[in-house]
Enquirer: 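Quick one: the structure is below, questions incoming.
Proteins come first, then strands; the chains are lettered A, B, ... in the order of their sequence lines, and each starts at number 1. None of the values given here were measured: they were computed from a predicted structure.
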Amino acid sequence: MRAIGEHTYSLIAGSRYLEITQTDESCSFSCDESEFEEFWKRYFDLDTDYAAYISRINPNDSYLVQASEAGYGVRILRQDLWETIVSFLISQQNNIVRIRKCIQNICEKYGEEKKNFKGETYYAFPTPQSLANQDEDALKECNLGYRSKYVVRTARYFTDNPGKLEEITKLSYLKAKEELLTLFGVGIKVAECICLFSLHHLQAFPIDTHIKQALDQHYKRGFPKRRYKGFEGVIQQYIFYYELIS
DNA sequence: CGCCAGGGGAGCT
DNA sequence: AGCTCCCCTGGC
């Protein structure tokens, strides 16, 4: 997602291209209604009532109340599994600006060239096949550094095991996490991110350095995870977003 | 130039 | 569970 105008954003998901323009409290999508209904509605999780989650926040927890108010528009997306795995493999020991650049680089180098509805060129996310064919260090050219071999080996794993990606989407949270942890370069934090941002397992609660710092600071007696059982990941995102903008 | 942190992970003990 | 080392780039 990137801003292309004051209230307009463009987004590439898989091989799809979308523009969203916000006016006041409503958003208009560049796609037709059937694509919106069939794909983007689910992608942005627009049928879920997030206010219901927010209403379950402890009213005495002023930090979390403020965080949820600041992030009332946050949505847990359903991003493509393969794309999410690669993106979070790249994210480790890395900053957002460089992560975006890395992803852009591999898309331009290994993704299929496409045209959007305005006739502009964009690049789809590279397929497992296109990355599996590369040398383990090839993606260093895309600025991935030592993460290159994580991505290439994982790509090979999925081309060697056709149907595996689809299989993982059908697993429970714990089984999916277990499966993801077997991938080279995937540890607990990255597995949790994939579970949350692609598989939509809202129980997933990724703890990165920022979240850990925030939890240590605001919950000295431990974060009350049990209270938010089943949607811990939504709460995590309010905390994450709040820390990001503060 | 060296140092170190940036949305961890692998491999040992 | 905790430790060490791994590894790359950008900023200082």
Side-chain angles (χ1 to χ4, degrees), chain A residues 1-2 11 13 63-64 67-68 70-71 74-110 125-126 131 134-158 168 173-174 176-219 222-223 225 232-246:
Chain A
M1 176 100 84
R2 68 189 188 94
L11 168 75
Y63 170 73
L64 202 47
S68 64
V74 166
R75 304 244 141 209
I76 312 293
L77 306 186
R78 295 175 196 267
Q79 299 177 90
D80 176 76
L81 179 57
W82 165 243
E83 197 170 323
T84 307
I85 290 171
V86 174
S87 299
F88 283 97
L89 279 174
I90 293 173
S91 78
Q92 59 188 102
Q93 289 293 103
N94 213 341
N95 59 67
I96 295 174
V97 176
R98 218 185 111 199
I99 294 166
R100 297 171 75 110
K101 188 68 185 158
C102 287
I103 293 171
Q104 192 182 323
N105 289 343
I106 61 169
C107 288
E108 286 176 7
K109 185 152 184 167
Y110 301 105
F125 198 85
L131 296 182
Q134 309 307 318
D135 182 85
E136 284 194 356
D137 291 328
L139 274 50
K140 288 183 177 176
E141 284 180 41
C142 296
N143 213 234
L144 267 68
Y146 66 91
R147 306 161 195 85
S148 176
K149 63 175 175 290
Y150 295 165
V151 174
V152 174
R153 281 201 213 172
T154 300
R156 287 180 189 160
Y157 174 78
F158 286 116
I168 293 173
Y173 163 57
L174 288 176
K177 186 162 110 178
E178 189 181 335
E179 191 75 31
L180 291 166
L181 283 170
T182 68
L183 300 174
F184 186 58
V186 173
I188 293 171
K189 190 267 177 183
V190 169
E192 296 277 11
C193 284
I194 299 165
C195 281
L196 185 57
F197 301 123
S198 174
L199 300 172
H200 212 73
H201 293 307
L202 301 183
Q203 313 95 303
F205 195 89
I207 300 178
D208 59 37
T209 51
H210 297 128
I211 291 290
K212 177 172 168 34
Q213 201 177 348
L215 295 186
D216 287 347
Q217 187 181 347
H218 298 282
Y219 301 92
F223 181 73
K225 246 182 153 180
E232 297 94 320
V234 178
I235 302 298
Q236 189 269 12
Q237 278 302 282
Y238 292 135
I239 296 172
F240 186 84
Y241 178 70
Y242 193 51
E243 293 298 322
L244 188 68
I245 62 172
S246 300

Enquirer: Does a nitrogen or oxygen in the side chain of A:Q92 sit under 4.0 Å from OP1 or OP2 of B:dG8?
Expert: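 Answer is no, no contact under 4.0 Å.
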Enquirer: Among residues 179-189 of chain A, which ones have heavy-atom contacts with DNA chain B below 4.0 Å?
Expert: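 Here the set is A:L183, A:F184, A:G185, A:V186, A:G187, A:I188, A:K189.
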Enquirer: Does any N or O in the side chain of A:S198 come within less than 3.5 Å of the main-chain N or O of A:T84, such that one atom is a donor and the other an acceptor?
Expert: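 Absent.
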Enquirer: Output the rounded distance in Å from CD1 (A:I90) to P (B:dG8).
Expert: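 About 14 Å, once rounded to whole Å.
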Enquirer: Round to a whole Å and report the spacing from CG of A:N105 to C1' of C:dT9.
Expert: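 It is 13 Å, rounded to the nearest whole Å.
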Enquirer: Starting at atom CZ of A:R147, determine the distance to atom P of B:dG8, rounded to an integer number of angstrom.
Expert: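 Those two atoms, CZ and P, are 10 Å apart.
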Enquirer: Does A:T154 reach the main-chain N or O of A:V151 with its side chain, forming a donor-acceptor pair under 3.5 Å?
Expert: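 Judged by distance alone, no pair lies under 3.5 Å.
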Enquirer: Could you check whether any side-chain N or O of A:W82 sits under 3.5 Å from a backbone N or O of A:F158, counting only pairs where one atom can act as donor and the other as acceptor?
Expert: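 No, A:W82 side chain to A:F158 backbone: no donor-acceptor pair under 3.5 Å.
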Enquirer: Is there a ring pair (Phe, Tyr, Trp, His ring centres under 6.0 Å) between A:Y110 and A:F125 once you walk through the steps?
Expert: CA-CA 8 Å; A:Y110 301 105; A:F125 198 85; over 10 Å; no
Enquirer: What is the distance, rounded to the nearest whole Å, between atom NZ of A:K140 and atom P of C:dC6?
Expert: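 These atoms are roughly 14 Å apart.
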Enquirer: Determine the interatomic distance between C1' on B:dG7 and the same-named atom on C:dG2; round to the nearest Å.
Expert: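 Pairwise C1' distance, B:dG7 against C:dG2, rounds to 22 Å.
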Enquirer: Using the C1' atoms only, state how far B:dC1 lies from C:dG11, rounded to an integer number of Å.
Expert: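 These two C1' atoms come out 14 Å apart once rounded.
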Enquirer: Specify the separation, in whole Å, of atom CG of A:L89 and atom P of B:dA10.
Expert: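 In whole Å, B:dA10 P lies 9 Å from A:L89 CG.
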Enquirer: Would you compute the distance between atom CD of A:Q79 and atom CZ of A:F88 and round it to the nearest 0.5 angstrom?
Expert: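 Here the interatomic distance stands at 6.5 Å.
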Enquirer: Flag the pair A:I76 / A:H200 as yes when at least one side-chain heavy-atom distance between them is below 4.5 Å, and no otherwise.
Expert: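 Yes. Closest side-chain heavy atoms under 4.5 Å.
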Enquirer: Could you spell out the base pairing of DNA chain B in dot-bracket, with Watson-Crick or G-U pairs whose two distances are under 3.5 Å, [ ] crossing and | to another strand?
Expert: .|||||.||||||
Enquirer: Quick one: are the ring centres of A:F184 and A:Y157 less than 6.0 Å apart?
Expert: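 No, they do not, as the ring centres are separated by 6.0 Å or more.
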Enquirer: Return the nearest nucleotide to the side chain of A:R98; candidates are B:dG8, B:dG6, B:dG7.
Expert: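 The answer is B:dG6.
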Enquirer: Using a strict heavy-atom distance below 4.0 Å, which residues from residues 190-202 of chain A are in contact with DNA chain C?
Expert: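 The answer is none.
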Enquirer: Under a 4.5 Å cut-off applied to non-hydrogen side-chain atoms, are A:L180 and A:C195 in contact?
Expert: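 Yes, side chains in contact.
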Enquirer: Could you tell me if A:Q236 and A:E232 have a donor-acceptor pair between their side chains, going purely by distance under 3.5 Å?
Expert: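 No, because no side-chain N or O of A:E232 sits under 3.5 Å from a partner of the opposite role on A:Q236.
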Enquirer: Is the backbone of A:S91 close enough, under 3.5 Å, to the side chain of A:R98 for a donor and an acceptor to pair up by distance?
Expert: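 The answer is no, because no donor-acceptor pair under 3.5 Å joins these two groups.
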Enquirer: Output yes when a side-chain donor or acceptor of A:R147 lies under 3.5 Å from a complementary backbone atom of A:L144, and no otherwise.
Expert: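 It does hold such a pair.
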Enquirer: Separation of A:D208 atom CG from B:dG6 atom P, in whole Å?
Expert: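 Those two atoms, CG and P, are 11 Å apart.
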Enquirer: Rounded to whole Å, how long is the line connecting atom CD1 of A:I96 with atom P of B:dG6?
Expert: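 Those two atoms, CD1 and P, are 12 Å apart.
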Enquirer: Could you report the tightest heavy-atom contact between A:L196 and A:P206, atom names first, then the distance?
Expert: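 Heavy atoms only, the tightest pair is CD2-CD, 3.9 Å.
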Enquirer: Starting from P on C:dC6, measure out to CG on A:D137 and report it in whole angstrom.
Expert: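 Distance check: A:D137 CG to C:dC6 P gives 17 Å.
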Enquirer: Among C:dT9, B:dG6, B:dG8, find the nucleotide with the atom closest to the side chain of A:T209.
Expert: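 Selected nucleotide: B:dG8.
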